[in-house]
Amino acid sequence: MRYAIEAERLTKRFRDLAAVDGVSFTVSESEIFGFLGPNGAGKTTTIKILATLLRPSSGRATVNGYDVVRQAASVRRSIGMVFQDSSLDERLTAEENLLFHAVLYRVPQREALKRAGELLELVGLSERRRDLVRTFSGGMRRRLEVARGLLHRPAVLFLDEPTLGLDPQTRTHIWDYIRLLHRELGTTVFLTTHYMEEAEVCSRIGIIDYGKIIALDTPAGLKKLVGGDVVAVKAADNRELRDQVRQRFCLEGKEDGEAVYFETPDGRTFIPELVRAVPDVREIYLRQPTLEDVFLKLTGRAIRDKGGDAVEWMRIRHTAWRRRRRG
Amino acid sequence: MQGFLAAVYIIWLRDVKRFLREGTRILAMLGQPVLYLLIMGQGLRATFRVNIAGFDYLEFVYPGVIGMSVLFTAIFSAVSIIWDRQFGFLKEVLVAPVPRAAIAMGKALGGSTTASMQGLILLILAPLAGVSLGPEQVLAIAGLMFVMAFAVASIGTLVAARMETMEGFHLVTNFLTLPMFLLSGAFFPLKTAPAWMQPLMRLDPVYYGVDALRNVIFAGSPLKSFVVGQTLTGDLLVLFCFSLVMTGLGMLAFSRTE
């Protein structure tokens, strides 16, 4: 089986700091693979190494079978990249941005125009294709950037925090588009995020913290680390309920308010058995553990959300400077 | 090679498109040379007296003002490399399957194209300086402006390749442009400069650009031997060699970026 991405003990040191520390993983073709972790965990550094923008200090990685150091040109030809910070030219139109990209990747012009039209349609920007990107909202820019990353039909698409800094509604839209594009084109997607809910899109997730992968599995598999599902039950007599469950399933329930909570590996099969065993159950509901619970369990802390890093500040200054110049 | 040319073309085209969309900026850029021509030119005219019949200081200073304008616009065109690196388009090129050396070439070509387009607008001011130009002269000047702008823009590109911040870029370019401007012979001919200054002027690429412009503007004039330092061929040769070295270094610097 050929892997779309293979990383073996990948390490990147900046002076004393190991931003990426011996990371190994594989991504299969047509998979949506996600790196989940707090800011500064090494997600972007990993993406940059895979996209040949940084050389690893040690370890090796291949993308589409090409070595990211020795066959950088072949890697670049076969990948699409959407950066955390926009890399669009805001003084060009949407279409110009796409067509410039096509020249860089040597897509013939006629084909480029056709694909640009299709992709703009797909991301809902057809009507704005002749407008300057400067007039676009953050969500529109991101959609355009995703479209641009796909224009040359890459085998692997890298998305670095594709929804960072967008409002929740736009975020949902972006994810809908990514899923749609994945379905339509079958592109392998490698993405990073620090939003727990969003990582659910992935077929597999690597949780990364301080440069190390601390868990790697399907979202469901990761949640199993927490100890299974949570089943909350209300019955006519809660003490009777707890006694019966203890006898039949060897499960200790926790009573909290009106309901009794049971942690069980598989809630969906537990519920019918419970109903058969305890006849006077009034309400049951099943809560699945979230990735937030997983991260908390693995690291003992919640994903921290630091705002405003250096680049963020520079962008603010840049905008102010331009405004002064224009004014 | 094809990838290299494609990237050079795109980077150049982008600069030209952006330039043409900034109509107001183009006009605003006209202000500074007009001030130099009118205030510096008229002001110094009275004090700069030469015992040669028919010599007019304004006519002499006009090619210098063109050269100066080309110098400033060409060298600062490289500023966009710094912004692009932080906020955008450069990353798109860095991750594309094209040689990074193309960035240096494309940027130098883009900067020199826009700088010479701006220089062309300055030709409107020729009557103000009492200079009359034929169509062949205009064509020759346009070509010379491009060659000179390319030499200067390749310096800017080389600096920008090494600089991460705006502050750093401005510090270095200001440090370079002021002496380049003052030593260019825009305001006084090399022949009247003190002996110690003359070799320094000969190190300045802008000097050769201004000298080349004077070679064309004063062609056939009796004043030519006074205002011009060397032959047009000599000027062009120096500018070509200089551009070659600078662009080469710039391309090398970009290829090395990790």
Side-chain angles (χ1 to χ4, degrees), chain A residues 12 47-56 69 71-93 96-97 99-107 132-134 141 145 148-149 152 154 158 160 310-315 317-319 321-322 325-326, chain B residues 1-25 28-29 76 79-103 106-107 110 114 163-170 254-258:
Chain A
K12 179 70 189 178
I47 267 200
K48 279 189 170 164
I49 293 172
L50 295 176
T52 75
L53 291 173
L54 278 177
R55 277 164 177 273
V69 178
Q71 294 162 298
S74 304
V75 171
R76 285 191 216 151
R77 209 165 294 131
S78 68
I79 60 169
M81 177 86 192
V82 176
F83 294 96
Q84 206 174 97
D85 303 294
S86 165
S87 67
L88 296 165
D89 188 328
E90 53 173 33
R91 293 187 206 193
L92 297 177
T93 66
E96 280 170 342
N97 268 291
L99 294 180
F100 277 26
H101 182 87
V103 175
L104 286 178
Y105 287 80
R106 278 185 274 162
V107 180
L132 292 183
V133 173
R134 190 155 54 175
R141 284 174 199 218
E145 212 152 357
R148 186 180 66 174
H152 55 288
F158 289 100
D160 193 8
V311 176
E312 194 74 30
W313 276 109
M314 226 177 134
R315 189 185 304 107
R317 283 208 327 251
H318 174 50
T319 318
W321 177 78
R322 269 207 332 251
R325 277 189 61 198
R326 258 189 247 139
Chain B
M1 191 62 200
Q2 248 185 326
F4 178 80
L5 292 178
V8 168
Y9 167 68
I10 277 307
I11 293 164
W12 170 83
L13 183 64
R14 170 172 174 259
D15 271 6
V16 173
K17 280 199 175 216
R18 285 168 62 122
F19 173 79
L20 292 177
R21 278 184 194 150
E22 300 222 352
T24 47
R25 208 186 74 185
M29 295 295 276
F76 286 115
V79 155
S80 61
I81 295 177
I82 311 274
W83 284 129
D84 284 350
R85 178 175 289 135
Q86 278 303 333
F87 307 108
F89 198 76
L90 198 67
K91 281 188 294 189
E92 153 87 349
V93 181
L94 288 177
V95 80
V98 294
R100 288 170 183 177
I103 299 167
K107 273 288 169 188
T114 53
M163 292 291 153
E164 294 280 326
T165 63
M166 286 307 281
E167 288 83 357
F169 179 81
H170 278 296
F254 272 104
S255 308
R256 279 216 200 104
T257 45
E258 198 188 332

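All chains are named by letter (A, B, ...) in the order of the sequence lines, taking the proteins before the strands, and each is independently numbered beginning at 1. In this text the structure is predicted, and so the values were computed from the model without any measurement.
In plain terms, the two heavy atoms of B/Pro97 and A/Ala73 that are nearest each other are CB-O, 4.1 Å. Considering every non-hydrogen atom in both A/Arg76 and B/Val98, the closest pair reads NH1-O, 3.6 Å. Pairing each heavy atom of B/Val95 with each of A/Ala51, the nearest pair is CG2-O, 3.8 Å.
Using a 4.5 Å heavy-atom cutoff, the side chains of A/Met81 and B/Lys91 are not in contact. The shortest side-chain heavy-atom distance between B/Arg21 and A/Leu132 falls under the 4.5 Å cut-off.
With a threshold of 4.5 angstrom between heavy atoms, B/Lys17 approaches chain A through side-chain atoms but not through N, CA, C or O. For A/Glu145, no part sits under 4.5 Å from any heavy atom of chain B, backbone or side chain. Of the atoms belonging to A/Arg77, heavy atoms from both backbone and side chain fall under 4.5 Å from chain B. Only the side chain of A/Phe83 has a heavy atom closer than 4.5 Å to any heavy atom of chain B. Of the two parts of A/His101, the backbone and the side chain both hold a non-hydrogen atom closer than 4.5 Å to a non-hydrogen atom of chain B.
B/Arg14 meets the side-chain hydrogen bond (donor to acceptor under 3.5 Å, both in side chains) test with A/Asp89, B/Asp84; sequence neighbours excluded. Every residue meeting the ring pair (Phe, Tyr, Trp, His ring centres under 6.0 Å) condition with B/Phe76, not counting sequence neighbours, appears here in chain and number order: B/His170.
How far CZ of B/Phe89 is from CG of A/Leu88: 9.5 Å, rounded to the nearest 0.5 Å.
For B/Phe4, the CZ atom sits in a packed shell: over 12 heavy atoms of surrounding residues, nucleotides or ligands are nearer than 6.0 Å.
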